[in-house]
Amino acid sequence: MPASEPGADHLGFAVPLRLRCPEGELRLLTTLTSFATAVDVTLAELHLEAFLPADRETAGILRDRAARRG
């Protein structure tokens, strides 16, 4: 049992990543996908990590940055 009650912004399954940038604060969530099958050796122990925006402001900042680069 946890020692304290989680706050209102507690997600339970994810730990948010916060980064400061010139446009503001980026709030990201990470997802991990693991392929651990003995059937296909090419996929055995393959781990993929992706960072996703946790809110609309972060999504907007990342979209604007991508548009400027592309």
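In this text, all values refer to a predicted model and were calculated from it rather than measured experimentally.
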Review point. Does E23 have any salt bridge (Lys or Arg N to Asp or Glu O under 4.0 Å) partners at least two apart in sequence or in another chain, and if so, which?
Key: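 Only R65, R68 meet the salt bridge (Lys or Arg N to Asp or Glu O under 4.0 Å) criterion with E23.
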Check your understanding: Got a sec, which residues hit salt bridge (Lys or Arg N to Asp or Glu O under 4.0 Å) with D64, two or more places apart in sequence or on another chain?
Key ->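 Testing D64 for salt bridge (Lys or Arg N to Asp or Glu O under 4.0 Å), a comparison that skips the adjacent residues, returns none.
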Practice item. State, yes or no, whether a side-chain contact exists between L19 and L28 at a heavy-atom distance under 4.5 Å. Key: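 When only atoms from C-beta onward are counted, L28 and L19 do touch, with a gap below 4.5 Å.
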**Study point:** Any side-chain heavy-atom pair of L29 and L17 under 4.5 Å
**Key:**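 Side-chain contact under 4.5 Å: no.
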**Study point:** Qualifying residues under side chain to side chain contact (heavy atoms under 4.5 Å, CB included), relative to L52, sequence neighbours excluded
**Key:**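 So L52 forms a side chain to side chain contact (heavy atoms under 4.5 Å, CB included) with T31.
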Point to revise | Minimum-distance pair of heavy atoms, taken over all atoms of T30 and E49 | key: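 Here T30 and E49 meet closest at OG1-OE2, 2.9 Å.
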Review point. If you take all heavy atoms of P53 and A59, which pair is closest and at what distance?
Key: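 Where P53 meets A59 most closely, the heavy atoms are CB-N, 3.7 Å.
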Practice item. Apply side chain to side chain contact (heavy atoms under 4.5 Å, CB included) to the pair L62 and L26, showing each step before the final yes or no. Key: CA-CA 8 Å; L62 295 175; L26 299 175; 4.3 Å; yes
Check your understanding: From R27 CZ over to R18 CZ, what is the distance, rounded to the nearest 0.5 angstrom?
Key ->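 R27 CZ to R18 CZ: 5.5 Å, rounded to 0.5 Å.
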